[in-house]
Number of protein chains: 2
Amino acid sequence: MVSKPTSKETARKPNMREAILAAAEELFATNGFNAVSVRDIAQAAGANPGSVTYHFKTKDGLLLEIYRRHCGPMNLRRSELLAAARRVRDLQDRLEAIVRAYVVPAFTSGSDLAGGGARFTRLRAVMSAEGNEVARKIIAQTFDDTSHAFIDSIHDSLPHIPRNEIVWRSHFLLGALYYSLVTPDRVSRLSRGEADGSDAAMAIEQLVQATVAAFQAPALDQAAPARRRPVASKT
Amino acid sequence: MVSKPTSKETARKPNMREAILAAAEELFATNGFNAVSVRDIAQAAGANPGSVTYHFKTKDGLLLEIYRRHCGPMNLRRSELLAAARRVRDLQDRLEAIVRAYVVPAFTSGSDLAGGGARFTRLRAVMSAEGNEVARKIIAQTFDDTSHAFIDSIHDSLPHIPRNEIVWRSHFLLGALYYSLVTPDRVSRLSRGEADGSDAAMAIEQLVQATVAAFQAPALDQAAPARRRPVASKT
DNA sequence: ATGTGATTTGTACTATCGTACAAAAGATCA
DNA sequence: TGATCTTTTGTACGATAGTACAAATCACAT
């Protein structure tokens with residue numbers, strides 16, 4: 001009962017549990033939850049199928065543990081970066097810093113987990129698309145607070161934009177962020193090989209630049225209504 | 001139960017084949033490909049599992065037929081709207097019209113198929129996230145031409161922006177579009193019920209407004225480099 | 001009414017799924 | 001070393017997956 005260095009320091013020895021988590025993360029993020037079997041995961045981790053059951057009880061439990069592993073550190077990092085961003089004086093700079101505080105942790109490692117940031121964000125994107133229930137629950141109760149904090153901070157920088165519209169634009173930001181991680185090859189393809197969709201640093205810069213401009217767009221109410229002219233629809 | 005007059009084609013009578021397609025579309029778009037069984041689809045369509053095999057041979061064949069059904073009409077509609085948009089004189093109006101020509105067919109019906117536009121786009125988003133091979137192939141060879149046409153048209157309206165950056169921003173647009181259809185409830189939640197994420201007309205307007213501004217943002221090269229100051233990172 | 005081709009049904013087969021569980025192997029310390 | 005946990009292995013079980021196929025049913029021209 002004693003003498004087990006309470007799982008905090010076990011990280012040094014080659015750990016089967018960690019290998020399973022990493023393999024599951026990668027496979028889920030690439031192929032979705034249902035397309036990956038417990039046996040696939042075990043094989044990728046060099047483990048026995050029964051070992052997965054032993055450590056995580058069920059497949060859902062494994063997914064849950066992946067989320068638990070990442071949510072805390074990523075949220076913490078975001079909060080720190082957001083706090084720093086809010087201290088920026090210049091309004092334009094502050095807005096950019098806030099957006100960057102939201103984007104950067106999603107692309108880079110959220111903790112000491114090697115390169116797990118982008119992979120975990122990609123996983124979240126896929127689970128979100130599949131309407132995974134386990135993920136839905138834990139995400140709503142983990143990230144909604146942070147999202148509200150970001151929205152409010154952006155609203156402080158852009159008080160003339162209604163909060164609802166900032167919500168929409170934040171939503172677009174998250175969608176763009178997700179999609180950039182899910183299908184980076186499409187960027188390479190459409191640019192005819194001239195851009196690399198897998199270049200995280202470039203993705204961040206492009207995303208921040210585009211998003212800051214999107215946030216700064218005039219609100220819908222305030223957009224000159226005379227200019228609005230819908231394109232002809234056939235039906 | 002007699003006498004549905006066989007007007008020329010099979011299109012008029014209540015068709016089991018159509019019911020299966022519609023049910024599959026909805027289920028795939030909501031839960032992903034692997035989470036939905038052929039039996040689920042048959043039950044939702046009020047059909048027999050064997051009927052699915054009869055009409056579409058395999059589950060992949062069913063998915064393929066869904067794509068075939070929608071890709072043509074949606075592409076056609078987009079081309080028409082794009083052609084009209086390109087004729088707009090005012091540059092600002094033209095850019096907005098182009099973006100609208102890209103967005104509107106994704107949200108609304110792409111043909112006579114009832115309300116299928118948004119549903120099919122949601123399906124594409126989910127298949128893209130899951131890395132579905134069948135979808136990947138047909139999408140790349142069906143939509144890439146159209147995407148290039150849009151990118152080139154936008155580039156014509158914004159010649160001072162490098163084409164690569166327009167590719168990035170178009171990519172963000174598609175990501176935002178997808179995500180709006182995949183999790184509209186998140187908009188409702190984060191706006192504390194004040195906005196309805198399922199309001200397609202509102203989503204279109206918000207998306208167009210934000211995206212036009214994003215496209216008009218200065219290029220990365222041209223963004224005043226003195227202003228760029230990364231937020232402090234801890235690691 | 002009947003024959004014919006198209007469709008629907010019912011069922012069965014094999015593969016693989018998630019999970020359970022007992023036995024083997026390692027690890028830890030008196 | 002032997003006793004006691006912890007971890008890994010091997011295997012098995014019931015459920016469900018995709019698909020095949022023969023029989024039943026339907027639509028309709030003759």
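Reminder, nothing fancy here: chain letters follow the sequence lines and each chain counts from 1. Excluded from the calculations below are hydrogen atoms, water molecules and symmetry mates; all remaining heavy atoms, backbone and side chain alike, are included.
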Check every atom of dA17(D), dT9(C), dA20(C) against the side chain of S37(B) and return the nucleotide holding the closest atom.
dA17(D)
note: D60(B), atom CG; dT19(D), atom P; distance rounded to Å ~ 7 Å
Round to the nearest Å and state the distance from I20(A) atom CD1 to dG18(C) atom C1'.
15 Å
dA6(C) phosphate, OP1 or OP2: any side-chain N/O from H55(B) under 4.0 angstrom?
no
Evaluate L173(B) against V103(B) for side-chain contact (heavy atoms from CB on, under 4.5 Å), listing each step before the verdict.
CA-CA 9 Å; L173(B) 164 58; V103(B) 169; 4.0 Å; yes
Should D152(B) and R163(B) count as an ion pair when the cut-off is N to O under 4.0 Å?
yes
Nearest-Å distance, CZ (R39(A)) to P (dT8(D))?
18 Å
Between atom CZ in F56(B) and atom C1' in dA20(D), what is the gap in whole Å?
17 Å
Q43(A) CD to dC17(C) C1', in whole Å, measures 15 Å
State plainly whether the residues R136(B) and E130(B) are in salt-bridge range, i.e. N to O under 4.0 Å.
no
Phosphate OP1/OP2 of dT7(D) contacted by Y54(A) side-chain N/O (<4.0 Å):
yes
Expressed in angstrom and rounded to an integer, what is the separation of R17(B) atom CZ from dT9(C) atom P?
16 Å
Taking the side chain of K59(B) as its heavy atoms from C-beta onward, which of dT8(D), dT7(C), dT19(D) lies nearest to it?
dT19(D)
Hey, do the aromatic rings of F172(B) and F172(A) have their centres closer than 6.0 Å?
no
From the candidates dA12(C), dT8(C), dA12(D), the one with an atom nearest any side-chain atom of S51(B) is dT8(C)
Does N48(A) place a side-chain N or O at less than 4.0 Å from the phosphate oxygens OP1/OP2 of dT8(D)?
no
Proximal nucleotide (of dT19(D), dT8(D), dT19(C)) relative to the V38(B) side chain
dT19(D)
Gap between atoms CE and P, on M16(A) and dG26(C) respectively (whole Å):
15 Å
With the side chain of K57(A) defined as its heavy atoms from C-beta on, choose the nearest nucleotide among dA20(C), dA20(D), dT19(C).
dA20(C)
Can the ring centres of Y178(B) and Y178(A) be said to be less than 6.0 Å apart?
no
Tell me: CG of N15(B) to P of dC26(D), nearest whole Å?
17 Å
